[in-house]
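Here the structure is laid out as structure tokens; the discussion comes afterwards.
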Amino acid sequence: MARYIDADALIEQMEADAEHIDDYIAKMMLYASIDDVKNAPTADVVERKRGEWIKIDKYDKESNVQCSVCLEEFDYIDGVCYLCHGYELPLFCPNCGAEMLKEVEE
Ligand SMILES: [Zn+2]
């Protein structure tokens, strides 16, 4: 499976690493690798949004929750999550599609 990375962040880190290399040959090899990364073909990917459920009232265990990405608020009714008709919050926000962390931010 392909793995996508932030190439600009990697290049920045590699250039910072190169500054600490005293050996000329090793330094040139690292710069050659940096050029390889710069010239690598790119893929058309969509960045996955990640968020977390935030309790509106952190002192109420049946508090409505809000998506940290799109700020949409969802109801708890009698202890049951309106979104999923169960006690567990969904792993994805149904409004914006963000993948949610399992922990509820309070
Ligand atoms: Zn959302």
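Positions are given from 1 along the sequence. Whatever order the structure lists ligands and atoms in, that order sets their numbers, starting from 1. Keep in mind it's a predicted model, so treat the numbers as computed, not measured.
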Can you list the residues that meet the side-chain hydrogen bond (donor to acceptor under 3.5 Å, both in side chains) rule with Asp35, with sequence neighbours excluded?
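So Asp35 forms no side-chain hydrogen bond (donor to acceptor under 3.5 Å, both in side chains) with any residue.
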
Got a second to check how far Asp8's CG is from Gln13's CD, nearest 0.5 Å?
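Result: 13.5 Å between the selected atoms.
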
Calculate, to the nearest 0.5 Å, the distance between atoms CD and CD1 belonging to Gln66 and Ile54 respectively.
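Going from the CD atom of Gln66 to the CD1 atom of Ile54 covers 6.0 Å.
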
Does Lys49 reach the main-chain N or O of Val69 with its side chain, forming a donor-acceptor pair under 3.5 Å?
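The answer is no, because no donor-acceptor pair under 3.5 Å joins these two groups.
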
Look at the side chain of Ser68 and the backbone N and O of Glu52, then say whether any donor-acceptor pair between them is shorter than 3.5 Å.
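Yes, the answer is positive, given that a donor and an acceptor are paired below the 3.5 Å cut-off.
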
Step through the shown structure and confirm whether more than 12 heavy atoms of other residues, nucleotides or ligands are within 6.0 Å of CD on Glu99.
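Result for CD/Glu99: enclosed.
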
Do any protein N, O or S atoms sit under 2.8 Å from the Zn ion (ligand 1), and which ones are they?
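Only Cys67 SG, Cys70 SG, Cys93 SG, Cys96 SG fall inside 2.8 Å of the Zn ion (ligand 1).
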
